[in-house]
Amino acid sequence: MSRYRKTTFGHPVRTSHTWRIRENKNNSSKLTIRIAVPFVIAVLFTIAFGFFYFGRKKTQRKKFDDVDDEIQGTESLQFNFSTICVATNNFSEANKLGQGGFGSVYKGTLSDMQEIAVKRLSKNSGQGEQEFKNEVTLVAKLQHRNLVKLVGFSQAGEEKLLIYEFMPNGSLDQILFDPVKCTQLDWERRYKLIGGVARGLVYLHEESRLKIIHRDLKASNILLDADMNPKIADFGMARLFCLHQIQDNTNRIVGTYGYMAPEYIMHGEFSMKSDVFSFGVLVLEILCGQRNSSFHKSDIAGDLLSYAWRHWNNGSAIEILHPTLKDTFSRKEAVRCIHVALLCVQKNVEDRPSMQTVILMLNRYFSISHNLPSAPAFFAGSIKRMEPKSTLYSDYRDAQGSSKNESIRDTAMYSVNDVSVTELHPR
C-alpha cells in the first residue's frame with residue numbers, strides 16, 4: 001500500500017502511519033534526554049566533589065608533610081641528650097622547677113653559661129612522635145620579643161626534651177595572684193604587660209609567616225624575663241591556620257575554664273577572636289589581681305566578667321583595680337584598659353575587636369568612645385565534663401611554684417585554674 005495519497009493540488013502527503021513513526025522517535029528522544037541529563041549532572045557533581053575532597057585532603061597532607069620536611073631545618077637546634085644531662089646536673093631535684101602532666105621542668109646551664117629551662121616529657125605522657133615534631137617546628141618558626149624562645153630540643157630513644165630560654169621571674173600567675181609578690185606590679189608594669197601580650201598575639205595572628213591561634217592564653221602561660229617583659233608560652237594547643245582561613249571547629253573542646261570563648265565551648269568553633277576573648281579575661285585579671293575562677297560561688301559576682309561589668313554599668317569601673325594600684329594608676333589608661341577588655345569578652349564574635357585594633361585602642365590611636373560594650377558572656381554554671389589531658393609544656397614553675405596543687409584529676413571538667421588539656425593530633 002502506498003504511504004502517500006494525492007491531494008487536490010497533486011502534492012503527496014504523508015499518511016498517519018508515518019506521523020506515528022515520527023512521534024515515537026520524538027518520544028524516544030525525550031525519554032533519552034530525561035534519563036541522560038540527570039545522569040550527566042550526577043557524574044559532574046561526583047567529579048566536582050572528588051576534586052574538592054581529595055584536593056582538601058591533599059592540602060592537609062601537604063601542610064603536615066611540610067612539617068616533616070621543615071623538621072630537617074631545625075637540626076641546628078638539636079642537642080645531644082648527654083649535653084642536657086650535664087646542663088641540668090642529670091635532672092637533679094635541686095634543678096627542678098616544676099612538675100606538670102606532660103613531665104617536669106628543670107633549670108639548666110649550658111657550657112657557654114646560657115641558662116635554659118628544659119621540659120622533659122614523661123614516657124607515659126601520651127605525646128606522640130608527630131606531635132613532638134610539630135611542636136618543635138611551630139615554635140622554632142616563631143620569633144618575637146613577646147614570645148618565649150625555643151633554644152632547642154633533644155631526642156634519644158623515648159626521651160624527648162624541649163629547651164627554652166630561662167625566665168628568671170617565672171610565670172605571671174605566680175606574681176599576679178600572690179598577696180606579697182603582686183606589689184612588684186605597679187601600674188606602669190601592668191600596663192606594659194597588657195601591651196606586650198597584645199603585641200605577641202598580633203604577631204601570631206597577623207605578622208608571622210604562620211597564622212597561629214594559641215587557644216590557651218592565660219596568666220600561667222605568660223612568662224616574665226628579668227625586666228618583667230611578658231613572653232607568651234605553651235603552644236601545646238595552638239592551631240595553624242591557612243593564609244585566608246578565619247575559623248575552624250573541633251569535636252573536642254580543650255582549654256582552660258574561664259578563658260574559653262562561648263562559641264568554642266558551645267559549638268567547638270575557634271578563631272583569632274577566641275584568643276581575643278581570652279586576652280580580655282587576662283586583662284581584667286591583671287587589673288584586679290584576682291583569678292576569674294576565684295569569684296566562683298562568691299557573694300560579689302559569679303565570675304570576674306560579671307564583676308567588671310557591674311562596676312562599668314554603675315560608673316565605678318576603676319573600683320575593680322587592685323588596692324595596691326590606688327596611688328599609682330593613670331585613670332585614663334585604666335578606664336581605657338577596662339573598656340578594651342569588656343569589648344574583647346563580648347558574647348558575639350563580630351562585636352570583639354581584632355588584636356590589631358586592640359593595639360590602636362591601647363595606644364590612643366583609635367577612638368573607642370563610640371564603641372560601648374554590652375553585657376559580656378557569663379560563664380557561671382556553664383561547665384561541661386571532658387576527658388583530661390595536659391599541654392606540652394604548660395607548667396613552667398619555680399621551686400616555690402604551685403604546680404603540685406594543680407595536678408589533673410580523673411574527673412576534671414575542662415581544666416580548672418591553670419590545668420589544661422590537649423587533643424592529640426597533628427596541628
Value for CD1 (I232) from CZ (F279), rounded to nearest 0.5 Å, stands at 9.0 Å
Between A261 and S274, the two heavy atoms sitting closest are CB-CA, 4.2 Å
Hey, what's the ring geometry for Y106 with F91, parallel, tilted or perpendicular (30° and 60° as the breaks)?
perpendicular
Flag the pair W312 / V335 as yes when at least one side-chain heavy-atom distance between them is below 4.5 Å, and no otherwise.
yes
With D351 via side chain to side chain donor-acceptor pair (under 3.5 Å) - residues at least two apart:
N348
Which is it for Q346 and S374 under the side chain to side chain donor-acceptor pair (under 3.5 Å) test, yes or no, and what are the steps along the way?
CA-CA 7 Å; Q346 294 296 282; S374 56; 2.5 Å; yes
Ignoring hydrogens and angles, tell me if any N or O in the side chain of D234 forms a donor-acceptor pair with the backbone of D216 under 3.5 Å.
no
Heavy-atom nearest pair, P230 first then L224, reads CA-CD2, 4.0 Å
Where do Y203 and K141 come nearest, in terms of heavy atoms and distance?
OH-O, 3.9 Å
What closest approach, in Å, do A341 and G280 show between heavy atoms, and which atom pair accounts for it?
CB-O, 3.7 Å
Is the shortest heavy-atom distance from the side chain of L172 to the side chain of I286 under 4.5 Å?
yes
Test V283 against V197 for side-chain contact (heavy atoms from CB on, under 4.5 Å), laying out the working first.
CA-CA 9 Å; V283 170; V197 175; over 6 Å; no
First locate atom OG1 of T324, then atom CZ of F329, and finally report the distance between them rounded to the nearest 0.5 Å.
11.5 Å
Are the side chains of K218 and S278 in contact, using a 4.5 Å heavy-atom criterion?
no
Heavy-atom closest pair (E285 atom, A219 atom, distance to 0.1 Å) is OE1-CB, 4.2 Å
Between D173 and S171, do the side chains contain an N or O donor and an N or O acceptor separated by less than 3.5 Å?
yes
State, yes or no, whether a side-chain contact exists between R120 and L161 at a heavy-atom distance under 4.5 Å.
yes
Between the SG atom in C337 and the CD1 atom in I318, the distance rounded to the nearest 0.5 Å is 13.0 Å
Check: K107 main-chain N/O paired with E115 side-chain donor or acceptor under 3.5 Å:
no
Tell me which pairs pass salt bridge (Lys or Arg N to Asp or Glu O under 4.0 Å) where either residue lies in residues 195-208, with sequence neighbours left out.
none
Report the C-alpha separation of V118 and N95 in whole Å, then their side-chain angles, then the decisive distance to 0.1 Å, and conclude whether the side-chain contact (heavy atoms from CB on, under 4.5 Å) test is met.
CA-CA 10 Å; V118 181; N95 285 46; over 6 Å; no
Donor-acceptor check, side chain of N90 to backbone of C85, threshold 3.5 angstrom: yes or no?
no
For Y264, the option from R215, K273, E269 that meets side chain to side chain donor-acceptor pair (under 3.5 Å):
R215
I338 side chain near L342 side chain, heavy-atom distance below 4.5 Å
yes
Backbone N or O of F79 within a donor-acceptor pair of the S154 side chain at under 3.5 Å?
yes
Rounded to the nearest 0.5 Å, how far apart are CG of N146 and CG of L201?
9.5 Å
So which heavy atom on L150 is nearest to which on L162, and how close?
CD1-CD2, 4.5 Å
Distance (rounded to the nearest 0.5 Å) between N169 CG and I175 CD1:
5.0 Å
Without swapping roles, check the side chain of H339 against the backbone of N371 for a donor-acceptor pair under 3.5 Å.
yes
Any side-chain heavy atom of I222 within less than 4.5 Å of one from L282?
yes
Could you check if a side-chain atom of M228 sits within less than 4.5 angstrom of a side-chain atom of K192, using non-hydrogen atoms only?
no
State whether Y164 and K119 meet the cation-pi test: NZ (Lys) or CZ (Arg) under 6.0 Å from the six-membered ring centroid, and within 45° of the perpendicular axis.
no
Quick one: are M355 and D275 in side-chain contact, heavy atoms under 4.5 Å?
no
Kindly indicate, with the supporting measurements, whether the criterion side-chain contact (heavy atoms from CB on, under 4.5 Å) is fulfilled by L77 and F153.
CA-CA 6 Å; L77 299 177; F153 68 98; 4.2 Å; yes
In Å, rounded to the nearest 0.5 Å, how long is the span from CZ of R145 to CD of Q143?
14.5 Å
Under the side chain to side chain contact (heavy atoms under 4.5 Å, CB included) test, residues paired with S316 that sit two or more places apart
H311, N314, E319
Tell me, yes or no, whether the heavy-atom count around K332 atom NZ, taken from other residues, nucleotides or ligands under 6.0 Å, exceeds 12.
no
Take E188 and T328 through the side-chain contact (heavy atoms from CB on, under 4.5 Å) test and state the conclusion after the steps.
CA-CA 8 Å; E188 184 178 352; T328 65; over 6 Å; no
Would you find a donor on one side and an acceptor on the other, under 3.5 Å apart, between the side chain of R189 and the backbone of Q184?
yes
Does N229 use its side chain to pair, donor to acceptor, with the backbone of D225 at less than 3.5 Å?
no
Does H267 use its side chain to pair, donor to acceptor, with the backbone of P262 at less than 3.5 Å?
no
